[in-house]
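Notes follow the structure.
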Amino acid sequence: LLLLLAAVSALPPNTELCTDHPSSDLDLLALPKPDMDLCYQLCQANTSCAGIVYMPPNCTFRSYQHTPLCWLKATWPAATPRPNCCRDSAFVRQPARKPVVPPPFPVCPNSTVTVTVNPTVVTHQVNPLYLGCHVDLGFSHEPRALYSQMLYAAAYEWGDPTMPWNTTLQPNGRGWTRFSDQGAGPGTLVFDNATLFNNHSTLRLSSASGPHLFGVANLGLGQEGLVFEANKTYEGFVVVKNMAGGSKSNVTVQMQDRSTSPPTILASQTLAVVEQGWVRLPFVLTPRAGTSCQGIQPGSDPTVGCPIFNNTYTPTAPMSDFTAHICVKCSGQFVVAVAEGNSVYLGFSFLQPGSWGRFKDLPVLQSGVQMLQDMGITAVRLGGSFVSKPLDTSIDYYWRAWATPVFAPEYKPAVVWREDIETGFGMFELIDLCRAMGIEPIISIFAAPVPPTDMGDFVEYCFGNESTVEGRRRIQNGHPEPYDFTFVELGNEQYNPLFVDQVAEMERRAVLLGIPNKIRYIFPYRYGIDEKDAARAAKLGLGNRLLTDIHNHGDGAVPTYLELKKALPDWGAVNLETNAGSHVVFRMLEEAQDMFTFFNNDLPGLQARTASFCWDRSGYQEGGLNDQGLAFFLPNMTWLQPPGHVHAVLGRTWLGNAVPVQVQGCGANCLLTGCVTAHAQVSQDGRRCVLYLLNLTPQPVQAQVRLDGGWQPARTQVTATQLQHPNLGAANTPAYPQTVQPQQVQVDISQMVQLPMQSFLAIPLSLD
């Protein structure tokens, strides 16, 4: 105890010595000095923080053994004694149950700063993969901004449409609801657990005699309703099984507008079911009119999955903003039905826009790709906690399950986690999309209990030709070209004890396939691999193709990497989750600051950064603390949030070669004092330069720009791009999606450059 008291400058109130509160981490911070009181102050400044756990140096993980650590807790879990006094805790406040109001940044001690840039000296090339973003399939809305499938629970596997629907327990919807024409006789709708398709339940559908349709309707994610565009083609298929023995049955598919009574038929096609067994019947529909959406109050319509906000799977979790989250009810619905006494089993349905609404005919929405392109995204990581769940749930994320075509009877598209469901979009679709866009796919796969031979099979499946067993399987599955990836993470946020053996087998297969030195293997534990496994890994001779994945709270990955490097000098690292829990102006500034830290340091071993998340749903937010999209989407629109605009500005102005830049006159430690930071890049020929300035303070600051090295631009007065808003909690709402957006401003670097409070500025300069 005496040693502990000597290690900290003060013990904060409510201290629990030799006590831990594991789980519910909001953030992990490496402190500049042993000081539990500083840890406490950082929690006080963060309204999402319920308490702290402090660990002094020489008592920490091997990779942090000389560093004091501070855990900020989102909730206050049960206490666990630590007899060795390696962790001490302090309660701070009850968890927030309302939108988090970001604390203001400290004030700069001066109103004027000097920014010195030397465009003639290139210090290093900035890694463009720092402009990536992260998609987590653990949240069912995440792929919906990208995946072209318009239907939810397409395999009829989530929820019995014959039973009442609880919007609070199942806010994302159960997929299908009972449908019948007015005047239709009684039909039979049975949720069948005995007759299976793709290992899941089916619907047994029978109609009464007569022309009236009886069946089911799909309203999409959260039963918000579907949006159809007039006179544009939509295509898809249904997988059905005839119940009529040797007789023919008919199935009708329709696009309808449900805002009228009865619903208006916009397009219809009747499909003949002749064969026995499961058959896949394609269709093409062209609606004669479009459908629309309207806003509704949360919880006001029991047919829409939009309960009172923050009624999530973690009800105490705060959210950064409610204003950008709205409830909508759109009028489109897709119907599968029978008439004239027909009877069928329904196994799977698929509906997507025609080529006009997709990217290069992939099962990907053009609007989703446009979001990524608008933000200048260079890499997309697909991963998250869904690949680190126990065997009985995560096995559905096993790579072999994803490899089977979506319409095949043995396909397993239904993966349930946190009351969510996933269908049809996974690692292989992401690889195809990224390669078509010319950006980098980074995949995390279920690996912890998987034998090394199976992981070797994964490499063979992705890169093998028809002479290999797994390569031949990929070709038979309809993909003759290899699935070309470089980065693969073996698990997520877990210690994978099989990592070294899996990597050894995967690399052995890669050498046999003629692709040595290609794949980079990511260890999924932010604290690094232990000493014993590190020694085994060193014998593989892979150098910095072995990487540690650092997950953090929006910033701090660079100092964490530098600490890891002390223990693992030959390893590289990636920062594949930046769980800032926010999409507001505060996150915009935090995102810019963190990327400046990446850009300004020459760190070839730190090989990628993917911001969490690429996007979020504007409707019901199941993520709670993970409400952190760079962009938002609704069934009828997509738009960027403030941090997404930072990425967009950087992507549009990117030159790639870092040059020295120094700011004097304002504090360098943004946690404790006001902060103005900068970054600068030049083009390959040295004739263009872009200077980025970030004012994190709640006051305007004037910047005097000095250019060293004799580099003088042809014009000192230029048009710059500025992001700024006085409210740190401001977001872009569906009604006002341009509240925070880039503005063009005139800047003269021969005069004082005005930096408004809480602003980001990109100044282009040129010798021409």
Side-chain angles (χ1 to χ4, degrees), residues 31-33 35 38 41-42 44-46 102-119 121 123 554-556 558-559 585-601 642 646 649 658-681 689-709 711-713 716-718 720-730 740 743 745-765:
L31 299 181
K33 60 180 179 178
D35 190 342
L38 173 59
Q41 292 173 25
L42 293 173
Q44 285 183 309
N46 187 329
F105 288 98
V107 174
C108 180
N110 299 305
S111 60
T112 302
V113 298
T114 300
V115 181
T116 304
V117 187
N118 188 341
V121 177
T123 58
D555 58 9
V558 169
V585 168
F586 182 89
R587 167 78 185 283
M588 174 187 83
L589 301 172
E590 183 183 54
E591 189 75 4
Q593 178 192 11
D594 192 46
M595 287 195 286
F596 279 12
T597 306
F598 274 74
F599 298 166
N600 285 331
N601 288 276
V646 169
V649 172
V659 296
V661 59
Q662 185 178 19
V663 179
Q664 295 176 308
C666 210
N669 190 330
C670 300
L671 284 175
L672 303 177
T673 63
C675 189
V676 175
T677 61
H679 172 66
Q681 297 179 6
C689 176
V690 58
L691 172 62
Y692 303 103
L693 298 174
L694 179 65
N695 179 10
L696 291 171
T697 73
Q699 69 194 83
V701 174
Q702 293 184 320
Q704 182 180 7
V705 177
R706 293 178 177 174
L707 299 174
D708 282 354
W711 199 94
Q712 294 299 321
T716 60
Q717 186 172 349
V718 296
T721 302
Q722 179 176 283
L723 282 166
Q724 189 272 336
H725 199 278
N727 180 5
L728 287 173
V740 183
Q743 302 288 340
V745 296
Q746 295 302 307
V747 169
D748 190 341
I749 63 167
S750 67
Q751 309 294 323
M752 285 291 186
V753 176
Q754 306 300 315
L755 304 179
M757 63 181 294
Q758 299 156 192
S759 63
F760 170 77
L761 187 67
I763 306 174
L765 302 168

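Model, not experiment: these values are computed from the prediction.
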Check against side chain to side chain donor-acceptor pair (under 3.5 Å), T112 and N110: CA-CA 5 Å; T112 302; N110 299 305; over 6 Å; no

Restricting to non-hydrogen atoms, name the atom on [X] and the atom on [Y] that form the minimum distance, rounded to 0.1 Å.
X	Y	value
S750	D748	OG-OD1, 2.6 Å
V115	A678	CG1-CB, 4.3 Å
V740	H725	CG2-CD2, 3.8 Å
V117	A680	CG1-CB, 3.8 Å
N695	V676	OD1-CG2, 3.8 Å
A730	P642	O-CG, 4.0 Å

I need the [X] [atom1] to [Y] [atom2] distance, nearest 0.5 Å.
X	Y	atom1	atom2	result
N118	L707	CG	CG	9.0 Å
Q758	N727	CD	CG	8.0 Å
T677	Y692	OG1	OH	13.0 Å
I763	L693	CD1	CG	5.0 Å
S759	Q743	OG	CD	12.5 Å

After noting the C-alpha distance and the side-chain angles of V121 and D708, does the key distance pass the side-chain contact (heavy atoms from CB on, under 4.5 Å) rule? CA-CA 9 Å; V121 177; D708 282 354; over 6 Å; no

Using only the SG atoms, establish whether C666 and C675 come within less than 2.5 Å of one another. no

A side-chain contact here means heavy atoms from C-beta on lying under 4.5 Å apart; do V753 and L761 qualify? yes

Answer whether the closest heavy-atom distance between the side chains of I749 and P713 falls below 4.5 Å. yes

Aromatic plane relationship, F599 with H679 - under 30° parallel, 30 to 60° tilted, over 60° perpendicular: tilted

Report the C-alpha separation of L694 and L589 in whole Å, then their side-chain angles, then the decisive distance to 0.1 Å, and conclude whether the side-chain contact (heavy atoms from CB on, under 4.5 Å) test is met. CA-CA 8 Å; L694 179 65; L589 301 172; 3.8 Å; yes

Sorted by chain and number, sequence neighbours left out, side-chain contact (heavy atoms from CB on, under 4.5 Å) with P726 holds for Q724, M757

So, the side chain of D594 versus the backbone of E590: is there a donor-acceptor pair under 3.5 Å, distance only? no

Expected output: side-chain Q699 to main-chain S111 donor-acceptor under 3.5 Å: no

